[in-house]
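Written below as structure tokens is the structure these notes are about.
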Amino acid sequence: MDVSSHNIEYLELLSKDYPNIASVSTEIINLCAILNLPKGTEHFVSDLHGEHEAFLHVLKNASGVIKNKIDMLYSTTVTEQERKLLATLVYYPEQKLYYLKQHATLTSEWFTLTLYRLVELCRMTASKYTRSKVRKAMPKDFSYILDELLHTAENEENKHEYYSQIIKSIIDIGRAEEFIVALCNLIRRLSIDHLHVLGDVFDRGPRADLIMDELIACHSIDFQWGNHDIEWIGAASGHTACIANVIRNSLRYNNFDVVEIGYGINTRPLANFALDVYADDPCENFVPLDSRKKAMHSADAHLTAKMHKAISVIQFKLEGKIISEHPEYGMESRKLLDKIDIARKTVVIDGKSYPLTDTSFPTVDFSNPYVLTAEEEFVVSSLRRSFLHSEKLRHHIQFMINRGGMYKIYNGNLLFHGCIPLDSSGKLDTVNVFGTDLKGKSYLDAADKAVRQFFISKSTSPESDFLWYLWCGNKSPLFGKDTYTTFESYFTAEPELLKEEKNHYYSHINSESVCDMILEEFGLSSDSSHIINGHVPVKTGKGESPVKANGKLYVIDGGFSKPYQKTTGIAGYTLINNSYGFSITSHHPFTTINDVIENDFDLHSSKKIVEYNVERKRVADTDNGVRIKHKIKILSELLDGYKKGYIREWGR
């Protein structure tokens with residue numbers, strides 16, 4: 001065998017981990033066996049938009065997978081109500097145990113029966129993984145006992161008494177509750193092997209920060225950034241236009257807790273400014289969306305509307321300055337403050353004059369409309385300082401940066417949030433990025449690199465405005481529309497002005513040839529790969545399917561965000577890819593966690609198989625399988641070196 005000195009040096013280093021023939025042989029045997037296990041279950045979710053209770057429930061019930069396993073095990077032996085209780089216990093063990101304790105349900109008999117059932121459910125859930133992987137997922141305090149129970153059948157003749165005594169001892173010494181919690185956590189942990197979040201964790205819903213806390217605790221996860229995530233990344237980087245958008249969105253949807261409580265952002269300067277400048281202005285067009293049908297009676301409601309208007313005007317000024325400095329963005333039509341004729345109470349949009357529904361602009365100098373007043377400057381600088389000094393926000397965004405990107409290729413599938421910009425003919429559209437014309441993969445790669453650089457540097461250079469462009473630019477792959485009509489929604493009444501045309505990508509996603517072209521642009525096989533994205537809600541209630549181009553593309557925004565549920569007709573999708581193929585689970589609206597705990601309510605979900613593998617997929621067919629095969633090849637070279645004597649075994 002011809003072995004280079006470089007390879008020998010590498011093999012000698014590797015020999016420290018595998019010091020002899022026996023150890024390297026054992027590892028090769030183990031890895032070869034792993035290749036033949038079923039592939040792990042991937043879950044894909046998108047457009048969570050701060051709906052923390054609904055999403056966290058979907059995460060805890062593994063999109064209905066856990067309840068399905070309970071039904072498979074016990075449908076003929078256990079009542080439906082008992083199966084529902086067992087499912088609730090798995091999802092929320094601490095809360096359900098507390099509730100049952102208040103109702104005197106936690107008897108020795110109940111503990112015994114429940115522990116037997118949970119061990120059986122855990123054994124079923126763990127069956128597709130190696131014993132080593134399951135052991136690593138176990139809590140340390142109970143790892144030995146769990147390992148014994150999971151690998152000793154209760155009806156095994158020689159160990160029946162041993163098995164029963166373990167269960168009895170757990171109860172007798174008062175550790176049953178803690179053990180149940182450990183079992184339930186392990187079941188949930190093993191039900192989702194990897195989680196893909198295809199963008200838009202933030203905005204609209206109440207507590208995106210709580211979603212982020214849960215995602216950080218996930219054992220295996222990746223992000224594909226959405227435009228709302230980029231808006232928050234920009235805000236955490238200190239970009240003032242992004243900060244204004246974050247604040248405005250939070251006020252618009254009356255979800256300010258995530259800003260003030262979640263991330264500790266000090267909004268008092270904005271509140272004081274708004275109360276002063278808009279003291280006599282009712283700000284009716286700026287009442288939060290969930291309050292539009294309600295009279296504004298409380299002082300808080302009045303303050304919210306005033307703050308909303310104040311930050312909106314600041315946003316339009318900041319954005320106008322960006323657009324003027326970046327003609328390459330092609331967004332001149334979005335500068336509208338200078339198109340206002342305050343005497344006539346009109347605004348010119350695309351060459352046509354429209355009446356204004358709100359003509360109070362006390363901070364706008366119409367001879368120079370994009371200049372901030374001294375008071376507005378103070379508000380902006382105060383907010384920027386607060387965003388930059390929020391430790392929790394920095395921690396969350398750093399995690400999203402580390403685990404995320406503009407797109408991801410995983411197990412042969414292409415994942416991204418919005419779109420790959422196309423022209424009207426369905427070909428890749430060209431975008432100028434920092435003076436260079438880019439398209440397709442090169443465009444997304446450049447954008448990915450820029451986002452990371454600007455977050456690290458906290459730059460205030462004109463180049464950092466690209467973060468804002470990704471949030472709402474007309475050729476942003478995350479935004480995917482030709483324009484945004486924020487100004488029109490506040491200051492005009494004509495419905496036609498609120499139209500935002502989608503990128504040509506969305507008119508071509510049913511074309512197999514276009515999907516094949518995109519996949520090939522990213523180096524993927526058009527025969528076996530898929531495109532998976534979110535961003536645009538699928539109108540399921542009107543018969544629209546999330547499956548496009550004969551199964552080559554999946555759009556999985558089903559409306560976790562409550563404002564979109566009237567459009568979608570459901571309350572979210574989960575795409576699942578396991579060893580048998582792809583399935584889509586559609587979720588009905590979630591009620592409350594209290595409803596789950598007290599009534600064993602489970603989120604109703606409907607599962608549809610959309611692609612079935614003729615041959616069951618194994619670990620060997622995955623990206624991890626490729627890595628394992630490479631490791632086997634290297635270890636085989638080390639084994640050959642030991643056998644032929646050019647690598648010395650340690651300890652011999």
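Quick caveat, the model's predicted, so the values are computed rather than measured. Heavy atoms only: backbone and side chains are in, while hydrogens, waters and symmetry mates are out.
Nearest heavy-atom pair, Asn533 versus Ile531, reported as atom, atom and distance to 0.1 Å: OD1-CG2, 4.1 Å. Summarising the geometry of Ser25 relative to Leu639, their closest heavy-atom pair is OG-CD1, 3.7 Å, with the distance given to 0.1 Å. Summarising the geometry of Ser143 relative to Met138, their closest heavy-atom pair is O-SD, 3.4 Å, with the distance given to 0.1 Å. Heavy atoms only, all atoms of each residue included: Arg188 and Pro93 are closest at NH1-CD, 3.6 Å. Residue Gly551 comes nearest to Glu611 through the heavy atom pair O-OE1, 4.2 Å, listed as atom of the first residue, atom of the second, then distance. When all heavy atoms are compared, the tightest approach of Asp222 to Leu415 is OD1-CD2, 4.4 Å.
The list of salt bridge (charged side-chain N to carboxylate O under 4.0 Å, His left out) pairs with a residue in residues 25-47, not counting sequence neighbours, reads Glu27-Lys631, Lys39-Glu42.
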Checklist entry - For Glu80 and Arg83, what are the C-alpha separation, side-chain angles and deciding distance, and is it a salt bridge (Lys or Arg N to Asp or Glu O under 4.0 Å)? => result CA-CA 5 Å; Glu80 173 66 17; Arg83 298 200 303 272; 2.4 Å; yes

Item to check | Step-by-step side-chain contact (heavy atoms from CB on, under 4.5 Å) determination, Val65 to Asn578 | outcome: CA-CA 11 Å; Val65 168; Asn578 59 22; over 6 Å; no

Item to check | Chi angles and distances behind the side-chain contact (heavy atoms from CB on, under 4.5 Å) call for Leu146, Phe179 | outcome: CA-CA 9 Å; Leu146 281 168; Phe179 196 74; 3.6 Å; yes

Next on the checklist: side-chain contact (heavy atoms from CB on, under 4.5 Å), that's the test. Do Thr26 and Tyr18 meet it? Break it down for me.
Outcome noted: CA-CA 9 Å; Thr26 298; Tyr18 305 97; over 6 Å; no

Next on the checklist: With side-chain contact (heavy atoms from CB on, under 4.5 Å) as the criterion, how do Asp448 and Arg452 come out once you've worked through the C-alpha distance, each side chain's angles and the decisive distance to 0.1 Å?
Outcome noted: CA-CA 7 Å; Asp448 189 290; Arg452 298 177 196 281; 2.5 Å; yes

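Here the CD1-CD1 distance, from Ile532 to Ile556, works out to 7.0 Å after rounding to the nearest 0.5 Å. A distance of 10.0 Å separates CG in Asn599 from CD1 in Ile597, rounded to the nearest 0.5 Å. To the nearest 0.5 Å, atoms CD1 (Ile593) and CG (Leu56) are separated by 7.0 Å. Of the inter-residue distances, the one linking His228 atom NE2 with Ile233 atom CD1 reads 13.0 Å to the nearest 0.5 angstrom. In this structure, the separation between NE2 on His219 and CD1 on Ile192 is 7.5 Å, given to the nearest 0.5 Å. Atom CD1 of Ile397 is separated from atom OG of Ser390 by 9.5 Å, given to the nearest 0.5 angstrom.
A distance-only check finds no donor-acceptor pair linking the side chain of Asp557 to the backbone of Ser46 [under 3.5 Å]. Between the side chain of Asp229 and the backbone N or O of Val201 there is at least one donor-acceptor pair closer than 3.5 Å. Tyr74 places a side-chain N or O within 3.5 Å of a backbone atom of Arg117 that can act as its donor or acceptor partner. Of the possible donor and acceptor atoms, one in the side chain of His49 sits under 3.5 Å from a partner among the backbone N and O of Phe202. Using a distance-only test at 3.5 Å, with no hydrogens or angles considered, a donor-acceptor pair links the side chain of Arg123 to the main chain of Leu150. Put simply, the side chain of Asn413 gets close to the backbone of His530: a donor and an acceptor are under 3.5 Å apart. Here the side chain of Asp621 pairs a donor or acceptor atom with the backbone of Arg618 at under 3.5 angstrom. Side-chain N or O atoms of Thr114 include none that pairs as donor or acceptor with a backbone N or O of Phe111 at under 3.5 Å. Under the 3.5 Å distance criterion, the side-chain polar atoms of Ser127 are matched with a main-chain donor or acceptor of Met124. In terms of modelled atom types and a separation under 3.5 Å, the side chain of Glu231 and the main chain of Val246 share a donor-acceptor contact.
Checked against a 6.0 Å centroid threshold, the rings of Tyr99 and His103 count as neighbours. Proximity of the aromatic rings of His57 and Tyr92 is defined here by a centroid distance below 6.0 angstrom, and this criterion is met.
The pair Arg627-Asp623 does not count as a salt bridge, with every side-chain nitrogen at least 4.0 angstrom from each carboxylate oxygen. Salt bridge Asp213/Lys392: present, at least one basic N to carboxylate O contact under 4.0 Å.
In this model, a donor atom of one side chain and an acceptor atom of the other lie less than 3.5 Å apart for Ser23 and Asn20. For Asn402 and Gln398, the side-chain atoms include at least one donor-acceptor pair closer than 3.5 Å. Side chains of Asp203 and Trp232: a donor-acceptor N/O pair is present below 3.5 angstrom, by distance only. Counted by atom type alone, Trp650 and Ser15 present one or more donor-acceptor pairs between their side chains at under 3.5 Å. If you check the side chains of His396 and Asp209, you find no donor sitting under 3.5 Å from an acceptor. Lys69 and Ser191 form no side-chain donor-acceptor contact under 3.5 Å, judged by distance and modelled atom types alone.
When each of Asn577, Val197, Leu195 is paired with Phe44, the side chain to side chain contact (heavy atoms under 4.5 Å, CB included) condition holds for Asn577 and for no other. Shown are Phe223, Tyr410, Tyr554; of these, the ring pair (Phe, Tyr, Trp, His ring centres under 6.0 Å) with His196 is made only by Tyr410. No option in Leu11, Asp640, Val24 other than Val24 meets the side chain to side chain contact (heavy atoms under 4.5 Å, CB included) test with Leu635.
Scored by the ring pair (Phe, Tyr, Trp, His ring centres under 6.0 Å) test, His630 finds no partners at all (sequence neighbours excluded). Partners of Asp193 according to the salt bridge (charged side-chain N to carboxylate O under 4.0 Å, His left out) rule, which considers only residues two or more places apart in sequence or in another chain, are Lys133.
Between Arg175 and Phe142, some side-chain heavy-atom pair lies under the 4.5 Å cut-off. Here the side chains of Leu183 and Leu121 are not in contact, with every heavy-atom distance at 4.5 Å or above. Contact check for Ser132 versus Lys136: side-chain heavy atoms found under the 4.5 Å cut-off. Annotation: side chain of Phe399 is in contact with side chain of Ile221 (closest heavy-atom distance under 4.5 Å). A heavy-atom distance below 4.5 Å is found between the side chains of Asp600 and Lys96. Residues Ile216 and His395 have side chains in contact (heavy-atom distance under 4.5 Å, counting atoms from C-beta outward). Considering only heavy atoms from C-beta on, Lys60 comes within 4.5 Å of Glu214 through its side chain. You'll find the side chain of Leu414 stays beyond 4.5 Å of the side chain of Ser529, heavy atoms only.
The environment of NZ in Lys128 is crowded: more than 12 heavy-atom neighbours from other residues, nucleotides or ligands sit within 6.0 Å. Atom NZ of Lys101 sits in a sparse spot, with 12 or fewer heavy atoms from other residues, nucleotides or ligands closer than 6.0 Å. Within a 6.0 Å sphere centred on NE2 of His389, heavy atoms belonging to other residues, nucleotides or ligands number 12 at most. For Gln102, the CD atom is densely surrounded, since the number of other residues' heavy atoms within 6.0 Å is greater than 12.
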